[in-house]
Amino acid sequence: QRMNLSNGVSGQNRNDASWEDTKRPVKLSTPTRKPQPPKPENAITIAVSSRVLFNMEREQQIYERQGMEEYLKYQLEHESEPFSPGPAFSFVKALEAVNNRLRELYPQSEELFDVVLVTNNHAYVGLRLIHTINHHHLLIERFCMTGGNSPIGYLKAYHTNLYLSADSAKVREALQEGIAAATMFTPEKMKEVSDIQLRVAFDGDAVLFSDESERIFKAHGLDKFFEHEKAHENKPLDHGPLKGFLEVLGKLQRKFFHKGLRMDCPIRTYLVTARSAASSGTRALKTLRSWGLEIDEALFLAGAPKGPMLEKIRPHIFFDDQMFHVEGAAELGTVACHVPYGIAQRLFHSGKYDITTEKLN
Amino acid sequence: MVKMSVDPAKAKDLQICASSNGEKGDSWEETDELQEDRPGLAAAPKQPKPENAVTIAVSTRVLFRTEREQKVFERHGVEEYLRYQIQHENEPFAPGPAFPFVKALEAVNSRLRQLYPQSEELFDIVLVTYNHAHVGIRLINTINHHNLFIERFCMTGGSSPIGYLAAWHTDLYLSADAQKVREALAEGIAVATVFMPEKQTEVSESQLRVAFDGDAVLFSDESERIFKAHGLDKFFEHERQNEDTLLDHGPLKGFLEALGKLQKKFYAKGQRLDCPIRTYLVTARSAASSGLRALKTLRAWGLEIDEALFLAGAPKGPMLEKIRPHIYFDDQMFHVEGAAEMGTIAAHVPYGVAQKRQAGK
């Protein structure tokens, strides 16, 4: 149970030593009920910001309207009141469920999910967060309380595989540094999701794949897009920001498949794409295969709305690069995250995108 | 060479806004603008919105012949099955029982587009399958080989597709699996189990022909209950007495309604005699004794039917052989089998009191 305070005393200088400590046999007087956290390089590290893990709207409002001091005072006063769950809460719970299954099958392995709480908050607020975590029986042992500094550097130190935040500026920064990241939004009503099977849904272009095809579509229209995709059917698409995350999910899934649990796997992945199957689906599927990635369910919507499909899937999280789809999903109760990557981020009210100059005309 | 567009240099230029792209409108709306600019370009038909179209969901096992693959799955398990599919990826499947039906739907769509180029009231076909995304490429290759227009896929990788049917606004679901069909029926979706006829009879490529049984298919099974409980005479008495009381609707009433709506679009252009959709009622009812109630019910629903055959118990097989429908719906396996024996593509609707009697079969 160590907290990395922003002055970096404990974690940074004595790296190897600190890991050795955890390996020493534990004295009988300190019973360990909780499993040991894995080493970051072995684990799949998910960094979540406190504002998406918990519902901190009231506190956020106080901070924005009345300033830092009021905010800190409020937090201290309400220290023993746990926060209520936020949009990432059920996702984190599902990660823990997967971890339990993994530990049953592979008790020695460190290939597990590891959740790190990342927050701009001052250490003062730490107590309230710890109370909340214990109240909800979450297993989050790693904290990163940056007291106002950017957490991006720490994300890299933690070998972060996925970073979820409510702050799109931080998400953009993380993407620039090559970390898979997405801005999480709270849906108005959250649909119930499974607590034994983790379900992750991905958009295709500009999320798993690069935005190269989307550029063609926006510059030249649907027909050229289909032509281009058919012509390049056998050429894998370049990878997008969340390819790595799908990859690590696949790695864990294979551990279940090896034990014959394909049909009962506690991780399930979904591709929910606006692509049309016959006209542009082959390139997407072949790309996934060339990466050695499997996806459990593939829905080629050919432009049909994603909201109703996602409502049936009930994923714990859905990644899309276009706010239109993120909002559509959230409207129907899906926890949707925006990946601010690629050509779709430019505001398109009028004008065409010139693919050669990469400017709007 | 396309490079991943999240390089720090470019990314800084991206203006990402915290909320949407600005427009509530679809990226698909932009297609319209782009296409208008280049009228000479032959556009690939745009997919209609699910709520406007008549959505037909077909399973791969009825659209194509997949018996060999089915055997591999049953004998050697899922991993062998997937390997087999990937090995034979470039071999298209042969057409299955629903194939001529789907081809006929596309013929109707072509006629509709000629008459009403802006309308979205078309048939929309969704391929629904338990299959894993791996098999997607073989399916896409097959679809393109046979020149079908199927852009919407729902590959559920082993979980039930029934949940997605409602999200697709499915008007009719055709499957080979009686279990799935029963599930869908329980969800209120028009559905039938399609059987492969023993010999292939040729069906029209330019006119879609759909034949329906009456009781327990278009109508509810209330009259059939009386017949089974009290015999033919009581049945006639009851029908005559209740001549003016409408029958309750059966599972396929909605589909007939959707067909009627499309038919009226042709009638509006003076094409009643040349209409590419033709509907048939093939019922064991006796005309004079029990026909009035059926016809009055149809009229009250505002539904027309092109041809009505009251058989008074005569076998349906020879009639259907003359009609050559692309599909025939009946609630009794006796009739379905009889039809299939003579080369008609028959589909079983497992609804109503007739199912209990067959429970022993």
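So you know, we letter chains A, B, ... as the sequences are listed, proteins then strands, and number each from 1. Being a predicted model, the structure only gives us computed values, none of them experimental. Side chains included, hydrogens not; waters and symmetry mates left out as well; all remaining heavy atoms used.
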Handout entry: Proximal component of A:F225, with respect to chain B [non-hydrogen, under 4.5 Å]
Key = neither
Problem - Contact leader toward chain A among B:H134, B:H132, B:R152, where contacts are heavy-atom pairs under 4.5 Å - result: B:R152
Exercise for the section: Take B:Y164 and A:L299 through the test side chain to side chain contact (heavy atoms under 4.5 Å, CB included) and record every step on the way to the result. Expected result: CA-CA 10 Å; B:Y164 297 115; A:L299 284 90; 4.1 Å; yes
Problem - Interchain contact, B:L82 with chain A, by part (heavy-atom threshold 4.5 Å) - result: side chain
Handout entry: Winner by heavy-atom pair count (cut-off under 4.5 Å) against chain B, out of A:P308, A:A284, A:A277, A:G307
Key = A:A277
Problem - Greatest number of heavy atom pairs closer than 4.5 Å to chain B - which of A:G281, A:S279, A:A278 - result: A:A278
Practice task
Locate the shortest heavy-atom distance separating A:M263 from B:G158; write the atom from each residue and the value.
Solution key: CE-CA, 4.2 Å
Handout entry: CD1/A:I196: more than 12 non-hydrogen atoms of other groups inside 6.0 Å
Key = no
Exercise for the section: Count the heavy atoms of every other residue, nucleotide or ligand shown that sit under 6.0 Å from CD of B:E205, and state whether that count exceeds 12. Expected result: no
Problem - chain A contact via B:L127 - side chain, backbone, both or neither, heavy atoms under 4.5 Å - result: neither
Problem - Test item: side-chain donor near acceptor, B:S159 and A:E297, under 3.5 Å - result: yes
Exercise for the section: Calculate, to the nearest 0.5 Å, the distance between atoms CE and CG belonging to B:M155 and A:D296 respectively. Expected result: 11.5 Å
Completion exercise
Honestly, the part of A:M309 sitting under 4.5 Å from a heavy atom of chain B is both
Completion exercise
Pair count under 4.5 Å, heavy atoms only, with chain B: among A:L288, A:T183, A:I313, highest is A:I313
Problem - Test item: A:R289 and B:I137 side chains (from C-beta on) under 4.5 Å apart, heavy atoms - result: yes
Handout entry: Other residues, nucleotides, ligands: >12 heavy atoms within 6.0 Å of B:F73 CZ
Key = no
Problem - Neighbour count >12 (heavy atoms, 6.0 Å) for atom NZ, B:K71 - result: no
Practice task
Step through the shown structure and confirm whether more than 12 heavy atoms of other residues, nucleotides or ligands are within 6.0 Å of NE2 on A:H258.
Solution key: no
Problem - B:V128, part contacting chain A, at a heavy-atom distance under 4.5 Å - result: neither
Handout entry: Interface moiety of B:I143 toward chain A, non-hydrogen atoms closer than 4.5 Å
Key = side chain
Exercise for the section: Any chance you could lay out the side chain to side chain contact (heavy atoms under 4.5 Å, CB included) test for B:W168 and A:L301, step after step, and finish with the verdict? Expected result: CA-CA 9 Å; B:W168 286 108; A:L301 297 174; 3.2 Å; yes
Handout entry: Stepwise salt bridge (Lys or Arg N to Asp or Glu O under 4.0 Å) test for A:R275 and B:E151
Key = CA-CA 8 Å; A:R275 279 191 177 231; B:E151 301 288 17; over 6 Å; no
Handout entry: Region of A:K306 in contact with chain B, defined by heavy-atom distances below 4.5 Å
Key = neither
Handout entry: Working for side chain to side chain contact (heavy atoms under 4.5 Å, CB included), residues B:I140 and A:L285
Key = CA-CA 10 Å; B:I140 295 175; A:L285 291 175; 4.1 Å; yes
Handout entry: Electrostatic pair B:E89:A:K286 at N-O distance under 4.0 angstrom
Key = no
